[in-house]
Amino acid sequence: MDEEKLDTINTCKNCGNKFTGRFCNICGEKVYSRKDKKVWNLISEVTHFITHFEGTIFNTLRVLFTQPGKLSEDYCNGLRKKYFKPVSFFLLLVVIYLLFPVFEGLNQKLYYHMSNPGYGNFATEKIHNLEKISGLNFDQISVKFQAKGEKVSKFLLFLLLPVSALFLKLFLFSKNRLFFDHFIFATEINIIFLLWGFLLFPLILVVIEFFYKLFFGSYLSVTDSMTGILMYLAVSTYTAIAAKRFYSLKLWQAILLSFEFLVCYFIFIMVVYKFILFMLVFWQIS
């Protein structure tokens with residue numbers, strides 16, 4: 001808009017508010033002029049978005065890996081502009097994990113569900129009944145289950161945020177923190193869980209296995225239990241350090257919180273999360 005028209009009263013096309021100037025004082029919608037529609041202006045907006053996106057992403061990653069708990073601390077204290085929003089960052093990681101899976105992660109094959117100590121017998125009965133009704137054999141059902149489960153398991157990751165926040169709220173009830181604060185901290189922990197456990201750690205193992213095969217001529221034997229222990233050990237260490245900062249805890253309190261939180265987190269994933277996953281996928285293939 002030209003400078004001489006800045007005093008013109010405009011009607012916001014987004015919210016209907018009457019205002020003067022280039023931006024609506026209610027919703028922030030901009031009044032576009034012919035100048036704003038030039039190609040160069042479009043290029044400028046794209047460039048600004050990319051540089052801002054890169055800046056916040058790299059700054060967020062730097063703080064996550066060098067100062068556990070600071071992202072949550074700053075965000076809950078209102079210092080937000082320099083960071084990528086935690087929940088949005090978690091959603092971004094889920095999308096990346098969905099597009100470029102390295103490990104199966106939480107999407108386990110059907111026989112793992114049938115051997116689950118919590119609901120394995122129930123799952124086995126369901127599958128045997130499906131074999132009789134559908135006429136499909138176990139291998140055919142397994143293929144269908146795996147195909148459906150890949151996407152369902154990743155979208156179910158969103159459950160981890162409110163559940164983790166609820167655990168923290170219960171463990172730290174005496175701290176009298178808002179559920180919002182626990183939710184943001186839980187999001188940071190789940191970002192590390194997803195970023196380390198299902199993206200970075202698997203890539204590191206792939207590289208190690210490649211060079212091991214190159215130099216020794218055989219494959220490195222890495223069991224699921226070994227990877228699980230290493231993954232949860234890293235997340236529990238991060239949780240303790242982050243909790244010490246965010247909740248102003250003593251070291252022993254932070255370690256205890258980390259242990260309690262990870263135990264409940266592990267039980268939820270191994271029993272509740274996987275049971276929900278099994279039922280959702282079973283419902284789709286039956």
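No experiment lies behind these values; they were computed from the predicted model shown.
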Report yes if some heavy atom in the side chain of H113 is under 4.5 Å from a heavy atom in the side chain of L277; otherwise report no.
-> yes
Looking at side-chain heavy atoms only, is the closest gap between L110 and V281 below 4.5 Å?
-> no
NZ or CZ of R177 within 45° of F246 ring axis and under 6.0 Å = yes
Sub-4.5 Å side-chain heavy-atom contact between L157 and Y97 = yes
N17 versus C27: any side-chain heavy-atom pair under 4.5 Å?
-> no
Contact check, side chains of I267 and V263, non-hydrogen atoms, under 4.5 Å = yes
Could you tell me if the ring centre of F282 sits under 6.0 Å from that of F145?
-> no
Sequence neighbours left out, what pairs pass salt bridge (Lys or Arg N to Asp or Glu O under 4.0 Å) with at least one residue falling in residues 240-265?
-> E73-R245
Which residue, F171, Y247, F261, F167, forms the ring-ring contact (aromatic ring centres under 6.0 Å, His included) with H182?
-> Y247
Is there side-chain contact between F89 and L71, with heavy atoms separated by less than 4.5 Å?
-> no
For residues E131 and I141, report the shortest heavy-atom separation together with the two atoms involved.
-> CG-CD1, 3.5 Å
Side chains of I127 and F122: closer than 4.5 Å at any heavy-atom pair?
-> no
Does a side-chain heavy-atom distance below 4.5 Å link C76 with F180?
-> yes
